[in-house]
Amino acid sequence: MDADILQCYTDAGQIASRVLQETTGHASRNEGTSILELAMAAEARIIELGGKIAFPCNISINEIASHYTPPANDSLLLQKGDVVKIDIGVHIDGYIADTAATVEISTMDHADLIDASKKALENAISITCAGVNTNELGKIIEDTINKKGFTPIYDLTGHSLGQYSLHGDLNIPNYAASYGNTLHAGDVIAIEPFATYGKGTTGNGDAHIFSLGLNKRFDKHIRDKHNNKFNTHSNGLLDDLYQQYGYLPFACRWVKDRDGVKIEDYVVKGDIIAYPVLHETSGGIVSQFEHTVIVEESGCTVTT
Ligand code: MN
Ligand code: MN
């Protein structure tokens with residue numbers, strides 16, 4: 001990997017790791033904290049430390065597995081006993097660090113569940129190197145979680161990362177999947193095991209996170225390549241989103257209202273993709289840990 005690119009990944013990883021540590025630390029000590037304030041503080045801290053936000057801070061509580069970022073009118077407060085997953089994304093020049101951890105607010109009732117996804121991540125990292133198949137990572141994740149008496153979430157996966165690309169071509173399953181890809185030196189992947197008391201599948205709720213649709217239809221028909229503008233009647237909404245976020249995810253609370261133009265309308269047309277809140281189907285509490293790692297010939301480097 002080019003030294004400049006490696007530096008970007010390293011710096012993004014350090015910022016993400018620090019912000020995650022500070023945010024989980026604050027959450028675990030401060031029952032009653034507004035999760036809207038917590039998310040906004042984490043995002044502001046990323047900027048303060050010299051990074052850019054790769055995606056909205058996710059704060060997913062109990063049976064919510066992921067993709068909850070508080071909307072502008074959110075009134076949720078952290079409560080004693082909550083199992084809280086905080087997921088932070090930072091980029092520098094588009095090179096992304098994606099990292100998550102789980103904390104329990106003022107209790108220790110779910111320590112084993114939390115430990116299961118943490119150990120699964122550690123074990124997966126311990127075997128990550130060039131030549132390993134992604135389904136071997138899935139197998140060690142599943143085995144680790146099962147041995148502790150829990151179930152992995154089968155339909156959520158880790159993923160490869162690219163410049164300005166949060167979900168690349170590779171998936172890292174959280175079980176011994178029948179599919180898989182061989183890892184190569186220089187691949188950058190986010191490994192993110194989820195463990196639950198439930199059956200291990202997810203369903204969709206409302207969406208508070210969106211991105212511009214990165215697909216051929218979008219580039220060919222929506223964006224006018226000549227003037228680099230989106231050729232639609234969106235009152236400049238799509239142009240503004242592209243200028244600010246490219247194809248990276250953004251929170252609805254970041255987007256200013258404008259007359260007659262709603263993000264949701266463009267979701268229906270396919271120009272904007274919605275990322276619905278994912279909740280465990282059977283209502284089981286969920287834990288998650290995540291690191292970003294660079295694959296090497298004889299091991300890997302954790303950037304976060
Ligand atoms: Mn993440
Ligand atoms: Mn991820």
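This is a predicted model, so every value here is computed, not measured. As the structure lists them, so they are numbered: ligands from 1, and atoms in each ligand from 1.
- Taking the Mn ion (ligand 1) as the corner point, the angle from Asp87 atom OD2 to Glu290 atom OE1 is about 100° (rounded to 10 degrees).
- Using cut-offs of 30° and 60° for the angle between ring planes, the His167 and His159 rings count as tilted.
- For the Mn ion (ligand 2), the N/O/S atoms of His159 include one lying under 2.8 Å.
- Side-chain contact between Phe210 and Tyr266 is absent, with no heavy-atom pair separated by less than 4.5 Å.
- A single hydrophobic cluster is seen to contain both Ile125 and Leu183, as judged by linkage of ILVMFWY side chains at heavy-atom distances under 4.5 Å, directly or through other members.
- Rounded to the nearest 10 degrees, the angle OD2 (Asp98) to the Mn ion (ligand 2) to OE2 (Glu192) equals 170°.
- Leu77 and Ile285 fall into different hydrophobic clusters, where Ile, Leu, Val, Met, Phe, Trp and Tyr residues are linked whenever their side-chain heavy atoms come under 4.5 Å apart, directly or through other members.
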